[in-house]
2 protein chains.
Amino acid sequence: MDGKIVNLKSKLEIYKAMTDGANFADCPVRDVIHGINGKWSPLLVMALAEKPYRFGELRRLVPDISQRMLTQTLNELQRDGYVHREVFPTKPPGVEYSLTDLGRSMFGALHQLIQWAELNHDAVREARAGFDATQA
Amino acid sequence: MDGKIVNLKSKLEIYKAMTDGANFADCPVRDVIHGINGKWSPLLVMALAEKPYRFGELRRLVPDISQRMLTQTLNELQRDGYVHREVFPTKPPGVEYSLTDLGRSMFGALHQLIQWAELNHDAVREARAGFDATQA
DNA sequence: AGTGCTGGTCTCTTTTTGAGACTACAGGCC
DNA sequence: GGCCTGTAGTCTCAAAAAGAGACCAGCACT
């Protein structure tokens, strides 16, 4: 992560690599998007945007996530300030996860991409099929 | 990828896991977003949204990507129909990569997220700092 | 006393990624 | 001719990340 790192900034302006003085954290795209675009993050944010869920509920909602990755992804989302974690000292202690204001704000932007994905799912699948055909 | 797979569909409706009959490809979020949210994909799409670039230009633009991952990511973007690859039979053959209409359309949605990232970079960094402080 | 639920952690294996050498061809330079 | 550059990649091997599943403690129900 040291040495030559490129910065990509707003309005499509692309800055050339700097030989020094620049670092990863100065590039919002890489720094912020990386926290959002994990394999499971969008799915969990989407779920929590609907309503708060507990650990086990999320696990059942997304059956092919491992407990390990669920714990880890939720922890990352909490660290970045998107998710709030609250422990209820009930008999079997329950842990509820919910979106923070920052999380809801982020979801607003993410939602654009989700909607695009729904609308263009078929187009992407066609492109894939065509590509695979020419390669075979 | 077989067995119990959850479907997450539009408008925040969340479908429970189906024990059978459902597969990965039926969930636009997972199918489409996965192709976009790789580590390097957003960066490359962003670059190509500005103007077409050749292989070596992209490599210099994003110095910390390996040739291997650049080749692979461009190939995936091409497969999903976002990027067009054109070979010019010049003396040293050049290969130019550009966004397709589908790619530009997708970038429109992705751009929302990029803008959000820029606007809220500081908030996320603060959240992280606060979280790390409580953990230490 | 056994079973299930709560929210995790720990370890082991498989997959993905990264770093860097290697290919092949063409042109310029000395 | 011999050497270096640049073109766009591929190949191999090591490191990092993800997945699978065992295990834990505490409490409730039967």
Side-chain angles (χ1 to χ4, degrees), chain A residues 1-6 17 24 30 33-44 47-48 52-80 83-98 131 135, chain B residues 1-6 17 24 30 33-44 47-48 52-80 83-98 131 135:
Chain A
M1 216 56 81
D2 57 288
K4 300 198 277 182
I5 300 290
V6 77
F24 190 89
R30 307 179 72 151
I33 299 288
H34 179 260
I36 298 168
N37 77 358
K39 179 168 183 179
W40 304 105
S41 310
L43 233 39
L44 295 177
L48 294 176
Y53 281 107
R54 295 212 315 276
F55 188 88
E57 291 176 319
L58 288 171
R59 203 164 99 73
R60 280 186 292 276
L61 217 52
V62 187
D64 59 340
I65 192 175
S66 62
Q67 291 194 338
R68 187 181 159 284
M69 286 315 291
L70 182 53
T71 302
Q72 185 178 313
T73 305
L74 285 171
N75 188 56
E76 287 169 2
L77 290 173
Q78 188 192 355
R79 184 171 111 93
D80 281 5
V83 161
H84 173 68
R85 178 179 185 272
E86 188 159 9
V87 180
F88 294 97
T90 49
K91 308 76 169 288
V95 180
E96 189 180 87
Y97 293 91
S98 55
F131 182 86
Q135 299 294 311
Chain B
M1 215 53 83
D2 58 286
K4 300 198 277 184
I5 299 288
V6 77
F24 190 88
R30 306 178 74 151
I33 300 288
H34 178 259
I36 299 168
N37 77 358
K39 181 168 182 182
W40 304 105
S41 309
L43 234 37
L44 294 178
L48 293 176
Y53 280 107
R54 294 212 317 273
F55 188 89
E57 291 176 318
L58 288 170
R59 204 163 98 73
R60 281 186 291 276
L61 217 51
V62 187
D64 58 341
I65 193 174
S66 61
Q67 292 194 339
R68 189 181 157 283
M69 287 313 293
L70 182 53
T71 302
Q72 185 177 312
T73 306
L74 285 171
N75 189 56
E76 287 169 2
L77 291 173
Q78 187 193 353
R79 185 172 111 93
D80 281 6
V83 161
H84 173 69
R85 178 179 186 272
E86 189 160 10
V87 180
F88 294 97
T90 48
K91 310 73 165 290
V95 179
E96 189 181 85
Y97 294 91
S98 55
F131 181 86
Q135 299 295 310

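Only a predicted model underlies this, so the values are computations on that prediction, with no experimental measurement involved. Residue numbering restarts at 1 for every chain, and letters A, B, ... go by the order of the sequence lines.
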Quiz item: Are B/Ser41 and B/Thr73 close enough, and set up right, to give a side-chain contact (heavy atoms from CB on, under 4.5 Å), and what steps lead you there?
Solution: CA-CA 6 Å; B/Ser41 309; B/Thr73 306; 3.6 Å; yes
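- Rounded to whole Å, the distance from CG on A/Leu61 to P on C/dG7 is 14 Å.
- D/dT7 atom C1' lies 14 Å from atom CG of B/Leu58, rounded to whole Å.
- Proximity note for B/Phe55 (side chain, C-beta onward) versus D/dA8, D/dT10, C/dG8: the nearest is D/dA8.
- In this entry the distance linking NE2 of B/His34 with C1' of C/dT15 reads 12 Å, nearest Å.
- For B/Gln78, the side chain to side chain contact (heavy atoms under 4.5 Å, CB included) criterion is met by A/Phe131, B/Asn75, B/Arg85, not counting sequence neighbours.
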Exercise. Before giving the answer on side-chain contact (heavy atoms from CB on, under 4.5 Å), spell out for B/Asp64 and B/Trp40 the whole-Å C-alpha distance, their side-chain angles and the decisive distance to 0.1 Å.
Key: CA-CA 10 Å; B/Asp64 58 341; B/Trp40 304 105; 3.9 Å; yes
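- With sequence neighbours excluded, the residues that form a side chain to side chain contact (heavy atoms under 4.5 Å, CB included) with A/Pro52 are A/Glu96, A/Ser98.
- Atom-to-atom, CD of A/Glu96 to P of C/dG8 comes out at 13 Å; the value is rounded to the nearest Å.
- For the OP1/OP2 pair of D/dA8 and a distance below 4.0 Å, the side-chain nitrogens and oxygens of B/Tyr53 include no atom meeting the criterion.
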Quiz item: Along nucleotides 18-30 of chain D, 5' to 3', which nucleotides get a B, which get an S, and which get a -, given that the test is a protein heavy-atom distance under 4.0 Å?
Solution: BBB----------
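- Scored by the side-chain hydrogen bond (donor to acceptor under 3.5 Å, both in side chains) test, A/Arg59 finds no partners at all (sequence neighbours excluded).
- Nearest nucleotide to the A/Thr71 side chain, out of C/dT6, D/dT7, C/dT9: C/dT9.
- Across the protein-nucleic acid pair, A/Arg59 atom CZ and C/dG8 atom P stand 12 Å apart, rounded to whole Å.
- Counting non-hydrogen atoms under 4.0 angstrom, A/Phe88 reaches nothing in the nucleic acid.
- Partners of B/Ser66 under the side chain to side chain contact (heavy atoms under 4.5 Å, CB included) rule, at least two apart in sequence or in another chain, are B/Arg68, B/Met69.
- Summarising the geometry, the separation between CG on A/Asn75 and C1' on D/dA17 is reported as 16 Å, rounded to the nearest angstrom.
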